[in-house]
Novice: 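First the structure, then my questions, so here it is.
We're numbering straight along the sequence, starting at 1. Just so it is clear, the structure is predicted and the values come from calculations on it, not from any experiment.
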Amino acid sequence: MSKSTIITWIVAAIVILGGAYYWYTHQGAAPAGAPPTTSQNTNAAPDTSDAGVAQDAAAIDAQMSGLTSDSASLDASLNDQPVSQTY
């Protein structure tokens with residue numbers, strides 16, 4: 001190999017290792033800014049009335065229906081048949 005090829009490979013290796021080091025050392029760093037706020041209201045008592053329980057059950061049913069729909073779409077995409085391609 002020529003001297004310029006060897007130098008190019010060395011520079012490329014240094015750049016790749018430097019990028020890997022930077023990524024590894026900075027991947028867990030949290031962005032600077034305001035601390036996260038919570039939306040929980042600790043002063044409110046939970047609604048345990050029949051209407052509150054029915055409302056919660058309806059919300060859960062709606063979320064489960066969405067999950068069933070997403071699951072059906074995923075199953076359909078996994079069972080997709082390949083399309084023959086001619087050139």
Novice: Under the 3.5 angstrom rule, does the side chain of Ser65 hit a backbone N or O of Asp61 as a donor-acceptor pair?
Specialist: yes
Novice: Find out if a path of hydrophobic residues (ILVMFWY) with successive side-chain heavy-atom gaps under 4.5 Å connects Val15 to Tyr22.
Specialist: no
Novice: So, Thr5 and Thr8: side-chain donor and acceptor under 3.5 Å apart, yes or no?
Specialist: no
Novice: Hey, is CG on Asp50 packed in by over 12 heavy atoms from elsewhere, all under 6.0 Å?
Specialist: no
Novice: If I take atom CG from residue Leu74 and atom OG from residue Ser69, how far apart are they, to the nearest 0.5 angstrom?
Specialist: 11.0 Å
Novice: With clusters defined by side-chain heavy atoms of hydrophobic residues (ILVMFWY) lying less than 4.5 Å apart, directly or transitively, does Ile14 cluster with Ile6?
Specialist: yes
Novice: Please name the pair of heavy atoms, one in Thr48 and one in Val53, separated by the smallest distance, quoted to 0.1 Å.
Specialist: O-CG2, 4.1 Å
